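For reference, the structure is listed below as structure tokens.
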Amino acid sequence: MDPKGTTVQPLFSSKSGPLKGSIRVPGDKSISHRALIMGALTVGETTINGLLEGEDVLCTAAALCHLGAQVIEPPGNGRDRQWRVIGRGIGGLSEASCNIDMGNSGTGARLLMGVVATQPITTVFTGDWSLSKRPMARVTDPLREMGANIVARSGGKLPITLTGTAHPLPITWQSKVPSAQVKSAILFAGLNTPGTTCVIEASQTRDHSERLLQHFGAAVSIEPGPDGSTLTKIQGYPELEPQAVNVPGDISSAAFPLVATLLSKNSVLVIENVGINPLRTGLLDTLKEMGAEIKILNTRSSGGEPVADLAVKSSQLTAVNVPASRAPSMIDEYPVLAIAAALADGTTVMHGLSELRVKESDRLAAVAEGLTACGVQVEINEDSLTVHGSGEAQPKGGITIQTHLDHRIAMSFLILGLACEKPVAVDDGAIIQTSFPGFVDLMNGLGAKITVDGP
Ligand code: S3P
């Protein structure tokens, strides 16, 4: 245990030979949370294949069970496990008799607040050390306008007690931050609200909720608004029908073996069945601009989401300027992009990163501190990050990175360790379970050297 109240598992990664193989990564985290929620809000049995069985998603599954839905885990192991959700229908959830612990999951916490905001039940949301530091007013403000009564710890943080309203009001919410979690919370609240609930986003964020809501039969429309904004509207009280959902592999998880392959000499990798929703593929665009050899093969549609296989080869990358407008489509990929930039030729500048400050950790600070400690020159300038790449030279490494209960910081620096002179350690690899169970085995199966014992 550490002061954050969690069990830690240090991990070490060392310079590796070529990475080779053909893999699948675990299911998309965003879609997995939403598929469970949609199943719980639909009367009847929804089936989910490819669900991410990571801690974040399992927290959402447990929460929905506390709220009266049934989530049935399939027997056995393996890739083709089919989860079943027996839902209670819109407005049909019941009050939980205990606190709802959302662990490390901002997505689960925020989406579920939307779900319970328009039902007359009281829910107490708690979370771990990291989640309890994250801003929640972005979600509680619109939900209060819809009629929910919400008592938060100072600064609008968890724990939060939310009493939903029996008489919700439809709102038109102009989102102050680019956040799919905020949009989705309002859309889920809008399901049990009369009339039309509307969210206006200055830049469109991931639309997995919209796609799944439509898949289940809700009337959701997405329209362009003034100045490049997007209006998303939902009609209350739709007739939802249970569905089969196929969750594609998570592009945010694929990012780690993908960047590892680019950075390791003589490496070739195929990642099958990855979700390539255009609102999520900013990393692929950026890496291609940097000269990465990435081919998108066998593009197809699966359950309303575009899916493809990614074929990747080692590539010497060159620096780029990443515009702020790309941030919503690669918000979770900046830590691993910064690792790629550290080994690129030239100076990469990434703009518009303010939201990185409020992720599972302050990712802007964590990336800058970690890279500096590994011998890479970086600068933070307001909300932009500059990384001076080492080109063919290898960063020194030889240090332990503080992960601050952040899975993506842990995985990013383990990838950097594969290309450093000396091994890189992370203080806690256990947190990787939140989004990428099996990460170490999968990477080592490709030829990486990630160990629990120091080298
Ligand atoms: C997510 C949205 C993003 C992302 C998170 C998952 C989602 O967060 O960082 O990992 O599933 O809606 P924001 O909505 O806060 O940008």
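This structure is a prediction, so every number in the text was calculated from the model and none was measured. Just so you know, ligand 1 is whichever comes first in the structure, and atom 1 is the first atom listed for that ligand.
Here P178 has backbone heavy atoms under 4.0 Å from ligand 1, and that is the only part of it that gets that close.
Residue contact check: S30 has heavy atoms under 4.0 Å from atoms 1 (C), 6 (C), 7 (C), 11 (O) of ligand 1.
In terms of protein heavy-atom proximity, atom 4 (C) of ligand 1 is nearest to D332 OD2, 3.3 Å. Annotation: atom 6 (C) of ligand 1 to nearest protein heavy atom, T107 OG1, 3.4 Å. Of all protein heavy atoms, the one lying nearest to atom 14 (O) of ligand 1 is S179 OG, 2.7 Å. In this structure, the protein non-hydrogen atom closest to atom 1 (C) of ligand 1 is Q181 NE2, 3.5 Å.
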Verdict with reasoning, S130 to E360, per side chain to side chain donor-acceptor pair (under 3.5 Å): CA-CA 6 Å; S130 154; E360 284 82 333; over 6 Å; no
Worked check of side chain to side chain donor-acceptor pair (under 3.5 Å) between R280 and S252: CA-CA 8 Å; R280 295 283 301 280; S252 298; 2.9 Å; yes
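A salt bridge between R363 and D406 is present, with a side-chain N of the basic residue lying under 4.0 Å from a carboxylate O of the acidic one. R81 and E53 are joined by a salt bridge, as a carboxylate oxygen and a charged side-chain nitrogen come within less than 4.0 angstrom of each other.
Considering backbone and side-chain atoms together, A180 places an N or O closer than 3.5 Å to an N or O of ligand 1. Between E355 and ligand 1, no pair of N/O atoms sits closer than 3.5 Å.
Remark: side-chain polar atoms of R138 are not paired, donor with acceptor, to backbone N or O of V177 under 3.5 angstrom. In this structure, the side chain of E95 engages the main chain of T122 through a donor-acceptor pair within 3.5 Å.
When R34, H33, K29 are ranked by how near their heavy atoms come to atom 7 (C) of ligand 1, first place goes to R34. Closest heavy-atom approach to atom 16 (O) of ligand 1 among the candidates E360, K359, R110, H208: K359.
In this structure, F439 and F256 have perpendicular ring planes: the angle between them is above 60°, well past the 30° mark.
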